[in-house]
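Below: one structure, written as structure tokens.
Residue numbers run from 1 in the order of the sequence given.
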Amino acid sequence: YRGENYLAYSEYCAGKGFMLMDGDESSFRNKSVPKRILSSLIGSIAAGVVPRTGAPYIAIGRGDEISALLSDLEKISEGGSAMRFIIGRYGSGKSFLMQLIRGYATERGFITADADLSPERRICSGNGGGIATYRELIKNLACRASPDGGALPVMISKWLSEVQRDVAETGIEMDSPNFRTEVSKRIYSAARQLQDYVGGFDFSSVISDYYEAFCAGDDEKRSCCLKWLRGEYRTKTEAKRDLHVGDIIGDDNWQDMIKLLAVFARMTGYRGMVVFIDECVNLYKITNRVSRENNYEKLLSLFNDTMQGRSEGLAWVFGGTPQFLEDTRRGLFSYEALRSRLCDSRFDSGEYKNMLGPVIRLRRLSDNELLALLARMTDLHAQYYNWDPPVTENDMQSFLKVCLSRAGADALLTPRELLRDYMAVLGILLQNKDAVFSEVVGADLKTDDNVISYGREGEGSLSESSVSYGAKIGIQPDDIII
């Protein structure tokens, strides 16, 4: 994920996921980004929202964090389990990093599900908040064949098709009476394996009912099976009337269903399942102490099961703010059992990086990484609006200098703030042909010897030449990744 030169984002390749191409930045500029993805990128970034598609086109920095999360994917592909808490300020890149890994995992043969917590969606709730989170996760369930969500029927149909193919490869004719018998035998055998897990009996029964409806062409029965798997039944009576089940998915057992889905995903040929839950600060905002601690108890249960290897092929990734983690009155650290598991070691002073623990704290992007981000957004803006922005490398340096000149910006400046301001400047220049960058930004663009060094030792330097848009931007991109 690192290189000596700019790394350009290449096409997705079958079976290989992201493929990197070495070359200079002209490779990226000459790369035509699909209009649909480009529209989503520009609109999302201008509004300060994380783009759901196209994240790799603007991925800068975070090499260590990405390497740590990718190592978790390798772990769950071998049947292990993992849990991470990505901690950072608002706008620091938590959601972006999660979307980046989500896209990579989906392309590499994993099942992914993601949801944002809110006052209506929680980990645990007595009024439907927990099952609301589960329904959101299932709605956003994604695989390579269905990257935008709704992958549950795709996953089941893929499995049934593969079982039929395997039986056909044994030499049994598809129109033979023995064909359906052998397929049924394999389906029921696989379903029985799920009965060893909590909630597995009902889950396996629904999978068997789905197969029978699939063979009989009963679309209504298949819809009932999917309705149960999505957690949409309100009462047990209603579910028992339609299916051979004794329970429904609710607030108290939806985490067990996620574990079963992860096991089922591996049975159907996927490498594992990754669940992303963002905006965990909403747990911190729960005012009722008992309700808040109930949610933290569920998190503790998930953490223990995951770290003890009792969640086969499943990874959990939570995103939250420092207050959500460290506040001793209302955050995770207010719950002693979680604090003792998640707090930093007394020997971890922050001077050295440590990505092996469950908590990943996002650092501020270096000045050179922020400058590279501005250069890339200039390219994308030019592609989308089909124009040549009158922005030189010196302009981008000066813009960054203005942003960093504010009190506290050296430590608190986030990519969201920087990009929203920069996109606003590009929009003004686009719509006002007589506008000058220096007047819009209100900065003196003269620099000593055309060189700016932003003072943080070890972060590289900028080139000695100030060139117009389209020429080579001389950034040393040791921290630039895709």
Checklist line | Residue list, side chain to side chain contact (heavy atoms under 4.5 Å, CB included) with L412, at least two apart or on another chain | finding: R89
Note to self: Checking F110 now: which residues fulfil ring-ring contact (aromatic ring centres under 6.0 Å, His included) with it, not counting sequence neighbours?
What the structure shows: none
Checklist line | Presence of salt bridge, E74 and R271, under 4.0 angstrom | finding: yes
Next item on the list: Evaluate the ring planes of Y188 and Y211, with Trp represented by its six-membered ring, and classify them as parallel (under 30°), tilted (30 to 60°) or perpendicular (over 60°).
Entry: perpendicular
Notebook entry, point to check: Can N304 and R341 be counted as having a side-chain donor-acceptor contact under 3.5 angstrom?
Noted result: yes
Next item on the list: Take Q195 and F203, measure what side-chain contact (heavy atoms from CB on, under 4.5 Å) needs, and give me the verdict at the end.
Entry: CA-CA 8 Å; Q195 295 179 7; F203 189 92; over 6 Å; no
Check: How far does OH of Y284 sit from CG of L117, to the nearest 0.5 angstrom?
Finding: 16.0 Å
Checklist line | Nearest-0.5 Å distance, NE2 of residue H244 to SG of residue C225 | finding: 10.0 Å
Next item on the list: Sequence neighbours left out, what passes side chain to side chain contact (heavy atoms under 4.5 Å, CB included) with R186? Give chain and number order.
Entry: V163, D166, V167, T170, E182
Next item on the list: Would you please say whether a donor-acceptor pair under 3.5 Å links the side chains of D379 and Q383?
Entry: no
Checklist line | Residue of the set V274, D64, I360, L100 for which side-chain contact (heavy atoms from CB on, under 4.5 Å) holds with L69 | finding: I360
Notebook entry, point to check: Between atom CG of N282 and atom CZ of F324, what is the distance when rounded to the nearest 0.5 Å?
Noted result: 10.0 Å
Check: Is D348 paired with R361 through a side-chain N to carboxylate O contact shorter than 4.0 Å?
Finding: no
Notebook entry, point to check: More than 12 heavy atoms of other residues, nucleotides or ligands under 6.0 Å from CZ of R310: is that the case?
Noted result: yes
Next item on the list: Apply salt bridge (Lys or Arg N to Asp or Glu O under 4.0 Å) to R406 and list each qualifying residue two or more places apart in sequence or on a separate chain.
Entry: E417
Note to self: Working to the nearest 0.5 angstrom, can you tell me the gap between T328 OG1 and E326 CD?
What the structure shows: 10.0 Å
Next item on the list: Show your reasoning for whether side-chain contact (heavy atoms from CB on, under 4.5 Å) applies to R376 and Y57.
Entry: CA-CA 8 Å; R376 185 159 298 183; Y57 285 99; 5.7 Å; no
Item checked: Partners meeting side chain to side chain contact (heavy atoms under 4.5 Å, CB included) with V50 (sequence neighbours left out) -> S95, F96, Q99
Check: Tell me, which pairs form a salt bridge (charged side-chain N to carboxylate O under 4.0 Å, His left out) where one or both residues lie in residues 206-221, sequence neighbours left out?
Finding: D219-R222
